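Numbering of ligands and ligand atoms starts at 1, following listing order. Keep in mind that this is a model prediction, so the values were computed, not measured. Sequence positions, counted from 1, serve as the residue numbers for this chain.
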Amino acid sequence: MEKSFEEILVQFYVDQYRENAKRSTGKPVKLAHYIHRLNSKAKSIKYARFSKNETVALDKLHQEIKRLALITYYSNNKNARQILNREILPQLVRVDMEQFDEKEAEYLTEDFLKLLRKEYIGAICTRSMKALYNEYRSKELRREIVTLVPARPELEFPKAQSMKRHFILHIGPTNSGKTYQALERLKLAQNGVYLGPLRLLALEVYEKMNDAGIPCTMLTGQECLEVSDSRITASTVEMLDCDKEYDIAVIDEAQMVADDDRGHSWTRAILGTLAGEIHICMSPVAKDVVIHLINLCHDEYEIREYERKTALKLEDKPFSFPQDVREGDAFIVFSKKSVLNIAGRLEENGIKPSVIYGSLPPEIRRRQMTLFNEKKTQVVVSTDAIGMGLNLPVRRIVFLEVEKFDGVSRRPLVISEIKQIAGRAGRFGLYDTGYVTALGQKNLSYLKNTLNIPEQDIDIVSLGFPQVLLTMDAPLDAIIKLWHEAEPSAPFRKINVDEILFLYGYAYKERYFIADFDNKYLLYKMITCPIDIKDRELVRQWLRYCMSYTSDISLDKPDKHSKYQGLMKYESYYKKLDLYYQFSVRMGKIVDEDWLENERDKTQAKIMQLLSKSKDEYIIRCRYCGRILPIGNSRNICRDCYSMIRR
Ligand SMILES: Nc1ncnc2c1ncn2[C@@H]1O[C@H](COP(=O)(O)OP(=O)(O)OP(=O)(O)O)[C@@H](O)[C@H]1O
């Protein structure tokens with residue numbers, strides 16, 4: 001009679017444990033009390049249950065049995081052999097098999113056992129079958145990744161490789177007019193594209209072009225403003241269509257190529273844009289790596305170097321708040337809480353501020369900028385969101401803080417960050433000189449010292465996940481992790497995959513309710529939907545969409561109800577509206593455009609209204625006596641109350 005696979009497995013275990021014992025050297029032992037141990041092991045293993053994550057405990061069990069097997073074979077006692085071969089090892093097979101789900105179990109074949117006999121001799125005596133299977137599968141998948149992903153990233157874009165592209169590199173510091181020159185050229189395009197880092201910059205290009213009588217469409221992750229007979233598309237860099245041909249393309253702020261989270265989109269744009277003429281605007285630190293990428297593609301390039309158009313001067317005297325505040329100042333802090341705190345203090349002193357921070361909807365950032373541009377507000381308070389290419393009439397940049405929390409720890413600003421932000425001072429055409437200062441002597445000295453250090457060139461190019469790997473037969477998280485583990489050659493570095501794995505983890509828990517969880521293409525689209533994962537309400541809405549998007553032609557409208565209060569409530573709702581749009585577009589759902597526009601308008605109006613109200617409630621005060629705390633105080637308690645408590 002033919003043996004069942006389980007019986008074949010038991011035989012495999014018996015053989016492996018015996019062979020292992022034969023290979024070991026040992027002395028014959030007296031068996032009497034070992035029989036007792038064998039019996040009790042047989043009994044305990046019969047009732048043993050291991051959960052899926054108890055691999056260490058299971059490995060330990062294999063090792064214990066290895067010791068018992070050794071003694072058994074040395075004793076050459078029939079009774080002991082029977083307990084081992086007929087009771088203990090079959091039960092070990094059972095607990096091992098319980099670790100496999102249906103799909104994984106398909107890999108357990110005689111061929112797999114053959115491979116274990118050859119390449120993993122005796123390994124089953126120290127590790128569970130699941131551990132061996134995992135190791136084998138990882139090796140296989142790594143091998144498959146190597147065959148699927150071209151060794152050189154540029155080969156992922158065969159169409160661009162087959163073209164002769166001419167690059168014009170506009171290299172210079174902030175405010176030197178590089179984007180201006182590239183856009184002047186783009187105006188002549190019949191079919192051009194602008195690729196920038198922010199929706200606001202895409203909007204600026206869209207407006208500039210249409211104002212100049214050049215029909216231009218705006219396309220970002222959040223919306224599409226279609227203009228008929230468009231000659232130009234103004235986009236965020238992530239939206240680039242690598243299958244579409246253009247005559248002229250502009251890639252802005254290309255020093256972002258090194259960014260951990262978004263840099264791969266610049267890499268993709270440089271390697272994959274299908275255009276005969278490509279303008280790249282960037283800071284001098286990115287020159288070498290960008291030229292390296294162009295050389296990999298065997299394309300030609302020319303360099304145009306720019307100087308700042310206005311002088312930039314570091315003030316000698318540190319800034320004192322609020323007596324030194326002047327019209328045209330931009331105050332830099334690094335959290336929304338600090339922005340509103342400073343704005344509140346300015347208002348208390350009769351000064352009207354505009355505010356800019358990352359979680360404000362782009363339209364509100366724009367309106368806040370317009371208020372400042374039109375001198376309806378005298379100063380602006382911003383996070384480093386101000387740093388990227390936004391043109392504001394700033395006379396002086398005042399760093400109220402010189403440290404920021406970067407998601408992991410609080411650290412001093414690095415030179416490129418200081419330069420990028422400081423460079424905003426002294427807008428061309430309005431001021432001859434821009435000024436920079438900092439609150440307090442210590443911060444000013446830090447600025448002075450750091451600005452004297454030469455800025456390091458970028459030596460990193462960020463690489464994104466190659467979607468060709470979605471064809472592989474393995475769980476998506478395993479593929480992403482294995483791809484991420486393999487170190488690429490310099491200067492490439494793989495993007496951070498923590499956020500998409502975080503979303504995968506969320507989706508995995510609800511996999512039985514997600515219709516297409518096994519379809520890696522769709523799942524990948526879902527987990528790469530850009531959302532703020534710190535906002536748990538947003539993550540919950542995302543998960544609801546993952547579970548329900550197949551049930552109708554449109555997604556459910558986002559839930560207005562929120563546990564957040566005030567500004568945060570409306571900012572979060574705005575993000576939910578963005579998610580409704582982005583998820584719909586990704587998964588081919590119909591968007592209720594009129595409703596969405598109306599909701600966005602209402603939410604923006606509400607945020608504007610809240611921002612125009614007194615910001616007194618945001619001022620950070622001592623939690624005991626209510627006194628306003630000095631700027632930058634890290635505890636929410638004043639010095640007097642602190643010393644009183646300590647007494
Ligand atoms: N030749 C010019 N004529 C008129 N305006 C100009 C000219 N060059 C630059 N500008 C204006 O100067 C400002 C800064 O220029 P631009 O945005 O091109 O600088 P940039 O070097 O790209 O800086 P960033 O890297 O910060 O974006 C813009 O408002 C732009 O319109």
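For a threshold of 3.5 Å applied to N or O pairs, the pair formed by Arg427 and ligand 1 contains no separation below that value. Between Gln420 and ligand 1, not a single N/O pair is under 3.5 Å apart. Residue-to-ligand polar distances place Asn175 within reach of ligand 1: an N/O pair is separated by less than 3.5 Å. Checked by distance only, ligand 1 and Lys208 stay at 3.5 Å or farther apart across all their nitrogen or oxygen atoms.
Each of the following atoms of ligand 1 lies closer than 4.0 Å to a heavy atom of Thr179: 18 (O), 20 (P), 22 (O), 27 (O). Residue contact check: Arg424 has heavy atoms under 4.0 Å from atoms 24 (P), 26 (O) of ligand 1. Atoms of ligand 1 found under 4.0 Å from any heavy atom of Thr174 (numbered from 1 in listed order, with element): 23 (O), 25 (O), 26 (O). Near Pro173, meaning under 4.0 Å from any of its heavy atoms, are these atoms of ligand 1: 21 (O). Against a heavy-atom cut-off of under 4.0 Å, Glu253 is close to the following atoms of ligand 1: 24 (P), 25 (O), 27 (O).
Geometric assessment of Lys313 against the ring of Tyr435 yields a negative cation-pi assignment under the 6.0 Å and 45° thresholds. At least one cation-pi condition fails for Arg326 and Phe319: the charged atom is not both under 6.0 angstrom from the six-membered ring centre and inside a 45 degree cone around its axis.
Ranked by closest heavy atom to atom 21 (O) of ligand 1, the top entry among Lys178, Met282, Glu307, His170 is Lys178. Heavy-atom proximity to atom 9 (C) of ligand 1, evaluated over Pro393, Gly177, Ala182, is greatest for Gly177.
With a heavy-atom cut-off of 4.0 Å, Asn391 touches ligand 1 through its side chain alone. Only the side chain of Phe428 comes within contact range of ligand 1, with a heavy atom under 4.0 Å; no backbone atom does. Heavy atoms of Cys281 found under 4.0 angstrom from ligand 1: none, in either backbone or side chain.
Ring-plane geometry between Tyr306 and His170 is classed as tilted, the angle between the planes lying from 30 to 60 degrees on a 0 to 90 degree scale. Note on ring orientation: taking the six-membered ring where Trp is involved, the planes of Phe331 and Phe321 are perpendicular (angle over 60°, cut-offs 30° and 60°).
Only one option out of Val333, Asn443, Ile421 pairs with Phe399 in a side chain to side chain contact (heavy atoms under 4.5 Å, CB included); it is Ile421.
Atom OG of Ser176 and atom CZ of Arg304 lie 13.5 Å apart (nearest 0.5 Å). Distance check, rounded to the nearest 0.5 Å: CG of Leu360 to OG of Ser382 gives 9.5 Å.
At least one side-chain heavy atom of Lys575 sits less than 4.5 Å from a side-chain heavy atom of Asp535.
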Would you check, one step at a time, whether the test side-chain contact (heavy atoms from CB on, under 4.5 Å) holds for Val250 with Leu195?
CA-CA 6 Å; Val250 173; Leu195 302 164; over 6 Å; no
